[in-house]
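Input: a single structure, listed below in structure tokens.
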Amino acid sequence: MPGCASGGFGSAESLDNIQQQLLGDMPLPQGAKISNEQSIILGGGPQWTGRIVISTPQGPTDTFTFFRDQFPRAGWTGISSIKAKTSILVFAKGDRTVTVEINESGTFASGGSVVNLTAAPKGGTAPVNVTPGQNAPR
């Protein structure tokens, strides 16, 4: 599914197939469900960029531990992590970075988590030419 995918994925498609086609080498927790309304995917495989929003049945602590342990096993290098009410982990691999933001969710009986995975090329901003005095806010 290369291109822009914003939306859900049919129940006939397994998470493993979606993960392989769109997310490449980014492991997801068991039972994770991708939110169609909130996800924006550009490209596919190991070079996709954008944001994937998933819900997991695991609580925030277990979800944090999963990403902290599993991303390095998939070849990602941990850059930084903050364990808090909103936990954030940042990983890099090759010329890409991924930020993992974990929040508690009331979706599952056990609490569950909502996870935002944002992937971008390193230095993910495009150069901007600004001429002093032009287009300045007034």
Side-chain angles (χ1 to χ4, degrees):
M1 276 190 140
C4 180
S6 172
F9 301 97
S11 58
E13 293 185 80
S14 75
L15 183 58
D16 290 340
N17 288 340
I18 293 167
Q19 181 179 340
Q20 192 64 1
Q21 291 175 10
L22 295 177
L23 304 184
D25 54 359
M26 294 182 189
L28 296 180
Q30 186 71 25
K33 297 183 190 282
I34 298 173
S35 169
N36 9 346
E37 298 85 24
Q38 298 174 324
S39 298
I40 299 170
I41 304 167
L42 302 171
Q47 295 303 314
W48 76 274
T49 60
R51 179 185 69 218
I52 297 282
V53 179
I54 64 169
S55 58
T56 69
Q58 298 84 11
T61 298
D62 290 339
T63 301
F64 180 90
T65 301
F66 174 87
F67 284 102
R68 183 197 65 202
D69 295 348
Q70 295 303 314
F71 262 56
R73 290 182 183 154
W76 291 87
T77 301
I79 302 299
S80 67
S81 66
I82 299 169
K83 177 75 178 90
K85 184 171 177 152
T86 296
S87 296
I88 298 175
L89 300 105
V90 179
F91 298 94
K93 184 176 185 181
D95 63 349
R96 302 180 70 224
T97 61
V98 65
T99 301
V100 180
E101 180 183 329
I102 303 166
N103 290 289
E104 186 173 3
S105 165
T107 305
F108 293 93
S110 65
S113 301
V114 173
V115 181
N116 290 294
L117 291 109
T118 305
K122 281 186 183 174
T125 59
V128 177
N129 293 326
V130 178
T131 305
Q134 288 185 333
N135 299 324
R138 297 176 192 211

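This one's a predicted model, so the numbers in the text were calculated from it and none came from an experiment. The figures that follow rest on heavy atoms only: side chains count, while hydrogens, waters and symmetry mates do not.
- Cluster membership check: Ile88 shares its hydrophobic cluster with Ile79, using side-chain heavy-atom separations under 4.5 Å among Ile, Leu, Val, Met, Phe, Trp and Tyr.
- Note: Phe64 CZ to Ser113 OG = 12.0 Å, rounded to the nearest 0.5 Å.
- Atom NZ of Lys85 is separated from atom CG of Asn103 by 9.0 Å, given to the nearest 0.5 angstrom.
- Of all heavy-atom pairs spanning Pro57 and Gly31, the tightest one is CD-O, 3.6 Å.
- Side-chain contact between Trp76 and Arg96: present, with at least one pair of heavy atoms (C-beta onward) separated by less than 4.5 Å.
- In this structure, Phe67 and Met26 have side chains that are not in contact, with every pair of non-hydrogen atoms separated by 4.5 Å or more.
- Heavy-atom minimum distance, Gly112 versus Pro60: O-CD, 3.8 Å.
- Put simply, the side chain of Lys93 never gets that close to the backbone of Val98: no donor and acceptor are under 3.5 Å apart.
- Separation of atoms CZ (Phe66) and CG (Asp62) is listed at 11.5 Å; rounding is to 0.5 Å.
- From Lys83, atom NZ reaches atom OG1 of Thr65 across 7.5 Å, with rounding to the nearest 0.5 Å.
- We find the CD1-CD1 distance between Ile102 and Ile82 to be 11.5 Å, quoted to the nearest 0.5 Å.
- Between Glu104 atom CD and Thr61 atom OG1 the span is 9.0 Å, to the nearest 0.5 Å.
- Tested against Phe91, the residues Thr77, Leu117, Val100, Thr97 include a single side-chain contact (heavy atoms from CB on, under 4.5 Å) partner, Val100.
- Contact detail for Ser39 and Ile34: the closest heavy-atom pair is OG-CG2, 3.8 Å.
- A donor-acceptor pair under 3.5 Å is absent between the side-chain atoms of Arg51 and the main chain of Asn116, judged by distance alone.
- The minimum heavy-atom distance between Ala32 and Thr56, with the atom names listed, is CB-CG2, 4.1 Å.
- A donor-acceptor pair under 3.5 Å is formed between the side chain of Gln58 and the backbone N or O of Gln30.
- Residues Pro29 and Ile54 have side chains in contact (heavy-atom distance under 4.5 Å, counting atoms from C-beta outward).
- Using a 4.5 Å cut-off on side-chain heavy atoms (C-beta onward), Asp95 and Pro121 make no contact.
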